[in-house]
Every structure is written in C-alpha cells, then in structure tokens.
2 protein chains.
Amino acid sequence: MTIECPTPRHEEEVVLLGHGAGGRLTEELLDTLVLPAVGEAEGPLEDAAPLPGRPDLVMSTDSFVVSPLFFPGGDIGSLAVHGTINDLAMRGAWPLALSVSLIIEEGLPLSELRAVMASLGKAAQDAGVPVITGDTKVVGRGAADRLFINTTGVGQRHAPMCPSAANARPGDVVLLSGPIGLHGTTVLSTREGLGFEGDIASDSRPLHRLVHALAPLGAAVHVLRDPTRGGLAASLNEIARDSSAAVEIEESAVPVPEAVASACDLLGLDPLVVANEGCMVAFVDPEAAEKALTAMRSLPEGAQAVRIGEVLHEGPRGRATLRTLVGARRIIEMPLGEQLPRIC
Amino acid sequence: MTIECPTPRHEEEVVLLGHGAGGRLTEELLDTLVLPAVGEAEGPLEDAAPLPGRPDLVMSTDSFVVSPLFFPGGDIGSLAVHGTINDLAMRGAWPLALSVSLIIEEGLPLSELRAVMASLGKAAQDAGVPVITGDTKVVGRGAADRLFINTTGVGQRHAPMCPSAANARPGDVVLLSGPIGLHGTTVLSTREGLGFEGDIASDSRPLHRLVHALAPLGAAVHVLRDPTRGGLAASLNEIARDSSAAVEIEESAVPVPEAVASACDLLGLDPLVVANEGCMVAFVDPEAAEKALTAMRSLPEGAQAVRIGEVLHEGPRGRATLRTLVGARRIIEMPLGEQLPRIC
C-alpha cells in the first residue's frame, strides 16, 4: 500500500471567475496580490481616488466586459459611460472628462461597433461629460469576446462633501435612490433567453446629478455607494467593514420590482446580490435625512428614493444585517464569488 | 438568365486586425466611426489630451494586449506603465498618477498574474508614478487571451513647453533618442520562436525624465512623439500631415541595431514600421538642437540620441521622405494595416 500525495489544489492556483465578481474572492485577490504589488496605501477601497497633490480631483477606472453587448435599457457603450461617471460621483465628484479605450475582436461587425459608439457618445453628451482621449486595439478572432471597453474618468469634488465608505456613523440613516436588481436580472435574462427581458430593463443611468443635488448637505452626507457587482449586499458589507459600523436595513423597505423578484426566484438568487447600474445608497446624518430624501426625489433618477435602514448604536460592528418581514434579524453575507458573470 | 446582386463585401463590414495597427486603417476607423460618435473636436490626434478647464493637466489612456505576456526586456505589466507614462510625456507632461484595469481570462495561473503585477508595480515605483486606483474583471475561458491591461494616466504639463504633432516648422531639426525596432522585433521573435530573442530585448522604458530634461528649452521643443504602433514611419507621417510639413530624414542617420536589421530582413519588414516602446522623436528649433541633443544624451535613455533629419523649407508638404544611402529620395508611406499584431 502506498500513501499518495494529496492532489494539488489546482483550483486555487489559477484565476477563477469569482475573482472578478466583486465579492470575497475579489477582495482576497486585491488584498494578497494586486495591492501589495502596486504598493497602494492601505485603507478603504473606494470607487475613485484623489490625485496626488490635487485633492480636489479624483480618478476612477472601469473595464466593461458585459455580455451580451446590447440589452434592454442599454448596451456596453452607455454602461461604460454611466459606470465611470457613477464611480466618480460616489466620491462626491462632478465628472470633468472621460477616456475611452476599446479592445475589439477581429470580425466584429462594424454596424455593431457603430451602434455601441453612437450609444456611448450619446450617453456622454446627455451626461454633459466630454470624451477627451481614447485608444483602439484589435485582437484576433477568439482572443477576446467581441468588445471590451475601458472608461476612466477625472472628476472635481463638491467640497465640503467628502463621502467615504469609512465615514458611516451610529445613527446614520440609510437611503436608497430606487429599486434594486434590474440591471443584473435584465442582462442575465437577455443572455440566457429566460423571457423576463420583455418586462424589465437595466437601470443603467448616470447619478452625478443626484449627487450634485445632495451637495448642499455637505459633510452631512457620510457615504455614497452605487451597488454594482455584488449588489446591495456587497456595498453594505464594505461600508460596515470600512466604518466598523452595525448597518441594519429593513427587508420590507427595500424596493424589489416584481419581475426582479420572479427572476431571482427562478434563478435562486437573492436580489440583494444582483448588480445595479443606476441606483445609489447614501448614509446621511439623521438630521439631514429628510432634506436628502427631498433632494433625491426632486430628480427622475431619485424619484423612488426611500429610507431603508440605519446604523445601529448597539449592534454587530462591521456587519450588515437585515430585519426580516417577521421581525427576525439575519446577517447579510458578503457574496463569495461569481453568481452573475459578465454583468458589467 | 438572372442578374445576381453583387456579393456583399463582407471584408469591409467587419473590424479587421489592421484597424488596430496604428496605420491608415486605424485612422479611417477613428475618423469615420469613433470620433464622430464621441463628438471629439477636430484637430490633430495627440497622445494625450488636456482636461477641460484644467489646461495644465493632460490625460491619456492605453489598453495593452501584447502577446506573449513576457518577453526579453519586459512584460505586459512594465509595458503598460511605460506606455502611458510616455503618452503623457509626449505632450510635455510629468505623470502624476496612473489607474490600472485588468481583464483576466479565467484559468490564468496566479503565479503569472503575480509576476505581471510585481513588474507593473516595480515599473511604476521606478518611474516615481503612483498607481492610485484600479479595477479587475474576470471573463470565462476563451473570452479573452490570458490578460489585458488598461492604464490611464494624468500628467502635469511643463509650461511653457507645449509640444504637438501640429507644431513642426520649416527648419526644425529632427532628433531621435535611440535605436529603433527593438520592441516589435523582440515581441514577434519571442512569439514566433524566430531565434532573435537571444540577441535583442525590448526597449520598453519610461521617457518622462528625458522630456523633463528638455523642459528648459520650453517652446523651442515643437513636437515629441514616441513611435509605437506603426513605428517611426507612422509617427513621421502623422507629424508631417498635422503640421503640413515636409519632413525629411537621412536613412544613414537612423540607428537600426544589427539584430533588428537581420530580423526585419527575414520577415520582410521595414524597420521604420516596427513598434518601439522606449525611444522618442523630437522636432526642435534649429537654434536649440545642440542643447536638446546634449540634454538627451545626459540621461541613459537618451545616451544614443542622434540627429536624423529636418523639416524642409521647400518640399512635399504633409509628406515624410527618406534620403537614401545613394542620395535618392523616397516617400515614407503610412503603414496600411497590421504587420505586427498584438505588439503592445
């Protein structure tokens, strides 16, 4: 009888889809491999970072690999504009300019590229944000899946608003600008032909005007986050962790459209982990909460804004919890890995 | 007898590899499809663009798709840092910060990702340019070829130096910071196993210190360009076109390493069209030419700087020409399409 060596755990030695999902595996990859290499300062990972020596300016980058390229409510072009505008906005900044870099698979029909670029251009124009520079690469057939777009943006902060995932405080009111789950379920349904795509559309939209509407509240706006990959669950967990805060939301207060609920039921997904591209969570000082709600509701993209929870004075610090319809409390887990690949 | 409709010219209706090569097809794609969509102001296409309202700051973006990931003299990580630093430098700017965005194919060994990130981090540190923000996406097997990296940078201009491809003037002296052809032939030889890769290495390096050394010459520095995709031929053509200038270089003055010449002979390539990642062409006022050469030669990356030509007072405007060893003059053609795919 021989004792065999344990089989190498190859699955741990290569990049997994889940490493890109915005959950625990992504955190691990960043913490153990990416951030040590670039020597980035420790601290909360934010959607955008201040420029050295120019703290009034912030920079953010995002590569978009969504599949399919076109879906109800948007396409990779508009999504790439909205996504980076929103990352800048979540740092309390007004976007000044975008760069756009394309990686195109040889053989992509020019008509599709033209449609994507027209949509990208229109999204930028509608948002009032110029595309000032770009790059185009083409790789051979099979070396990329149709089209990937990187957008990077520079924004100017609305002083004295200085939102950060580390700024949540006990007593803060948690606001949500609109219903959740639309983007992720729409893209998934379109890709897989599930049939929900007739009833729902991505919420992809720019949020910089919504943030601008909050600017008069200044430092009373503690945290802004758009719950993209990993959904509301990931955003609330990150905020709870970075602020050492006990975040609690009311299940009944979180707006989930009926078609999203049906799709999630079918797919065995929790709407809390589904990506959004046009809603925002805001943690604000309780005294400013009503004003913030009113300001958000004054704009179409915040018309359905609601209060969904608060930061507890006493509670599990670093944790996000959900108070259910029957009054129980459950922990909102950080999503582990990839439940919805290629969603943005 | 029936008259058949002409067969659709499918080859014209899809994206070709040549659309990403930096030559005439790239120009066409940008002019007819990309730029009209984003409504970019007409004018010369530069390596970097000023930020609206902040003309002292410039922004540049580049996606790197080089294959293989590792090659003599560098890898996709160091290349991604050098490439964007150089694009900023060519607008006379000092790089302030970079963003890094990864698109990773599922299954990439973590050891390779770690090696690339370590190299990227070292390149940024050696250059003194911080990586301040990033993004990581993972796509399924076969949806990307291993790893693509976008870097975007913001730089601060060295006033009053304001180089532009449109600023070449009759009488300008054309300087080249070092030998050409090393990067492209090295990558190609490594990828195809041609055997030259033992004798040559990529010239990938940052050029911002070289540009800084020219800053005291101020407005006497008219044009800076790093001849990457499309090589020196594309850069000289772009400058000639954007400046309506008659650019002439001396064949005998252009330094081509022996191994590059051998590789090009074998491959049927003109060294003038081969990509470089660590040399720079500068058009300077004739009265400043000697000072510029001295300044460039004071740094290792400019130690082999030479004068290669001039802008003619009389000559074919908008054209770049080569005076050959036997005294004949030939037009340097803008490369059409892709002779060296996936080179950066």
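The sequence lines fix the lettering, A, B, ..., with proteins before strands; numbering per chain opens at 1.
Only the backbone of B/A118 comes within less than 4.5 Å of a heavy atom in chain A; its side chain stays farther off. If you measure heavy-atom distances from B/L51 to chain A, the contacts under 4.5 Å come from both the backbone and the side chain. With a 4.5 angstrom heavy-atom cutoff, B/E112 does not touch chain A via any of its atoms. Heavy atoms of B/R146 lying under 4.5 Å from chain A are absent altogether. For A/L113, the parts lying near chain B are the backbone and the side chain together; criterion is any non-hydrogen pair under 4.5 Å. The parts of A/P109 that come within reach of chain B are both its backbone and its side chain, each placing non-hydrogen atoms under 4.5 angstrom from that chain. Residue contact with chain A, scored on non-hydrogen atoms closer than 4.5 Å, involves the backbone and the side chain of B/S63 alike. For a residue to count as touching a neighbouring chain, one of its non-hydrogen atoms must lie under 4.5 Å from one of that chain's; by this rule A/Q156 touches chain B with the side chain only.
Here the side chains of B/L108 and A/V14 are not in contact, with every heavy-atom distance at 4.5 Å or above. Looking at heavy atoms from C-beta onward, B/D62 lies in side-chain contact with A/K137 at the 4.5 angstrom threshold.
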request  = Kindly indicate, with the supporting measurements, whether the criterion side-chain contact (heavy atoms from CB on, under 4.5 Å) is fulfilled by B/L16 and A/V138.
outcome  = CA-CA 7 Å; B/L16 307 173; A/V138 180; over 6 Å; no
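In terms of heavy atoms, B/S99 sits closest to A/T152 at OG-CG2, 3.6 Å. The shortest heavy-atom contact between A/M117 and B/A37 is O-CB, 3.3 Å. Nearest heavy-atom pair across A/L110 and B/L29 is CD2-CD1, 3.8 Å. Nearest heavy atoms, B/I132 versus A/P50: CD1-O, 3.5 Å. Residues A/G140 and B/L17 approach most closely at N-CD2, 3.6 Å, considering heavy atoms.
Of the listed residues B/A143, B/A97, B/G121, the one with more heavy-atom pairs under 4.5 angstrom with chain A than any other is B/A143. Residue with the most contacts toward chain A among B/A144, B/G77, B/S60: B/A144 (heavy-atom pairs, distance under 4.5 Å). Across B/E105, B/K122, B/R54, B/R141, the residue that shares the most heavy-atom pairs under 4.5 angstrom with chain A is B/R54. For the set A/L98, A/V139, A/I104, A/V100, the entry with the most heavy-atom pairs within less than 4.5 Å of chain B is A/V139.
One distance of note links CD1 of B/I103 with CG of A/D145; it measures 11.0 Å at 0.5 Å rounding. Considering CG of A/L25 and OG1 of B/T136, their distance stands at 12.5 Å, rounded to 0.5 Å. With rounding to the nearest 0.5 angstrom, the CZ atom of B/R114 is 6.5 Å from the OG1 atom of A/T32.
Just one of B/L57, B/V154, B/L96 meets the side chain to side chain contact (heavy atoms under 4.5 Å, CB included) condition when paired with A/L57; it is B/L57.
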